[in-house]
2 protein chains.
Amino acid sequence: MSNQDEQLLHYVEEFGLFFEQFGLARTAGRMLGWLLVCDPPHQTMDELMEVLQVSKSSISTTSRMLIQSGLVNKVSFPGERKDFYRVSDDAWVKAWLARNHQTIAMRQLADRGLALLPEAELDRRSRLETMRDLYKFLEEELPKLTERWLEERAKSA
Amino acid sequence: MSNQDEQLLHYVEEFGLFFEQFGLARTAGRMLGWLLVCDPPHQTMDELMEVLQVSKSSISTTSRMLIQSGLVNKVSFPGERKDFYRVSDDAWVKAWLARNHQTIAMRQLADRGLALLPEAELDRRSRLETMRDLYKFLEEELPKLTERWLEERAKSA
DNA sequence: CTGTTTGTTCAGTATTGACCGAACAAACAG
DNA sequence: CTGTTTGTTCGGTCAATACTGAACAAACAG
């Protein structure tokens, strides 16, 4: 194994650990990391098993999850029986949009709490209102930011 | 127990489950949820034990973590030996800032990967560049958004 | 100084979930 | 039809971790 491959594998581990912080499975992070640096960009299950040193079943389960979340695509080629996996072109926009959705969920959560507190108890409501106001603001502003990014991206391409 | 208390406890459970999604411990989410709706806003360990039905040691560990993350403050009162816990005034801004920091970490992660790939292999670098470009954009724009929020907040207060 | 209140730390337990190997299913080649 | 390739599903195992109870430490009251 070349020196560069060794460094890349180390990097892939780092990638796995990083995404583990966010509740993603270790293997999912590693697979994503490898698919970002591998050559060619599309890889088979066998190749992933070999590189990441995990079982076929892990690859199967993990890839299904990554595909479900939109970060990875399954690709096929004529005359080739194996499936290939590669990172989605818009993987990171998808990831970013998923986080925007979380802010909506936060605002909704705050609202559900406020619905349980009497209108009259102003002081008691203020904590949840602070929460709701921030996430409401983000709920409105983040899509604009995303839009700006997509435009800027389209221009430079 | 009143009907409202029952609904609130249900809500607190919901809160716990929601934050569990993000890797936060169940109890931490429950505690945060309760501290958002309780009356008065400051609560003792004993009260939290009673309401959340968890051990003293759990409250101790969990509160320390929540204080560490800046979401909760420890408060005391003259002539009162017990400690009180309450949600921090700027808890949600803190939470939001923590997420901004994650985008920085993402950009750095992408850059570390790019450092391992030869300058010449343009195709191979493009995946990581896509990742880095988005998070670079967010790294620059999110602080501006936060700033706007703080100004708006200051005005209406 | 003695006993009580308050909070932290630690060893043990239980639950969750990621991973593996094997059995299975489906598609294809000969 | 038969055997091979490819991928999924499922039961079992192992590791991580949240939680508990008990022992401990620290601060205070009498």
Side-chain angles (χ1 to χ4, degrees), chain A residues 9 12-35 40 42-69 71-86, chain B residues 9 12-35 40 42-69 71-86:
Chain A
L9 284 184
V12 165
E13 288 302 314
E14 192 182 344
F15 217 95
L17 285 172
F18 185 80
F19 277 85
E20 205 172 32
Q21 281 187 308
F22 305 113
L24 202 62
R26 174 89 54 101
T27 304
R30 279 197 282 234
M31 183 166 162
L32 194 59
W34 176 249
L35 288 177
H42 45 88
Q43 301 273 295
T44 65
M45 271 186 71
D46 286 344
E47 289 169 331
L48 293 171
M49 284 175 61
E50 169 68 21
V51 170
L52 305 180
Q53 291 289 303
V54 293
S55 71
K56 198 167 54 158
S57 50
S58 273
I59 300 289
S60 176
T61 304
T62 300
S63 62
R64 189 153 46 80
M65 187 244 281
L66 288 173
I67 288 170
Q68 171 61 26
S69 67
L71 297 175
V72 165
N73 294 140
K74 189 181 283 199
V75 224
S76 61
F77 295 94
E80 178 64 71
R81 288 175 60 181
K82 298 189 183 193
D83 291 345
F84 290 80
Y85 302 94
R86 65 177 191 87
Chain B
L9 285 183
V12 165
E13 288 301 315
E14 194 181 344
F15 218 94
L17 285 172
F18 186 80
F19 277 84
E20 206 173 29
Q21 281 188 308
F22 304 113
L24 203 63
R26 175 88 54 99
T27 303
R30 279 198 282 236
M31 184 166 161
L32 195 58
W34 176 249
L35 289 178
H42 45 89
Q43 302 273 296
T44 65
M45 271 186 69
D46 286 343
E47 289 167 331
L48 292 170
M49 284 174 62
E50 169 68 19
V51 170
L52 305 179
Q53 291 289 301
V54 293
S55 70
K56 196 168 55 159
S57 48
S58 272
I59 300 288
S60 176
T61 304
T62 300
S63 62
R64 189 153 43 84
M65 187 244 283
L66 287 174
I67 289 171
Q68 171 61 26
S69 67
L71 296 176
V72 165
N73 294 141
K74 190 181 282 199
V75 221
S76 62
F77 295 93
E80 177 63 71
R81 288 176 60 183
K82 298 190 184 196
D83 291 344
F84 290 81
Y85 301 96
R86 65 178 192 87

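Bear in mind that the values here come from a model prediction, so they are computed numbers and not experimental data. Every chain is numbered from 1 and lettered A, B, ... according to where its sequence line falls, protein lines coming before strand lines.
Place B:Met45 and A:Ser55 on DNA chain C by their nearest nucleotides, and B:Met45 ends up nearer the 5' end. Nucleotides of DNA chain D nearest to A:Arg81 and A:Ser63 differ in position, and the one nearer the 5' end is that of A:Arg81. Comparing A:Thr62 and B:Thr61 along DNA chain C, the residue whose closest nucleotide (by nearest heavy atom) sits nearer the 5' end is B:Thr61.
Between the CG atom of B:Leu17 and the C1' atom of C:dT16 there is a distance of 14 Å, rounded to whole Å. D:dG7 atom C1' lies 16 Å from atom CG of A:Leu66, rounded to whole Å. The CD-P distance, from B:Glu80 to D:dA27, rounds to 18 Å in whole Å.
Relative orientation of the A:Phe84 and A:His42 rings is perpendicular, given thresholds of 30° and 60° on the angle between their planes. Taking the six-membered ring for Trp and thresholds of 30 and 60 degrees, A:Phe15 and A:Phe19 have nearly parallel ring planes, at less than 30 degrees apart.
In this structure, the side chain of A:Ser63 engages the main chain of A:Ile59 through a donor-acceptor pair within 3.5 Å. Judged by distance alone, the side chain of A:Ser69 and the main-chain N or O of A:Leu66 form a donor-acceptor pair under 3.5 Å.
Looking at heavy-atom distances under 4.0 Å, A:Gln53 makes contact with sugar-phosphate atoms alone, never a base. Within 4.0 Å (heavy atoms only), A:Asp83 reaches sugar-phosphate atoms of the nucleic acid but no base atom.
OP1 or OP2 of C:dA18 has not a single side-chain nitrogen or oxygen of A:Ser58 nearer than 4.0 Å.
Stem list for DNA chain D (at least 3 consecutive Watson-Crick or G-U pairs, distances under 3.5 Å): C:1-30 with D:1-30.
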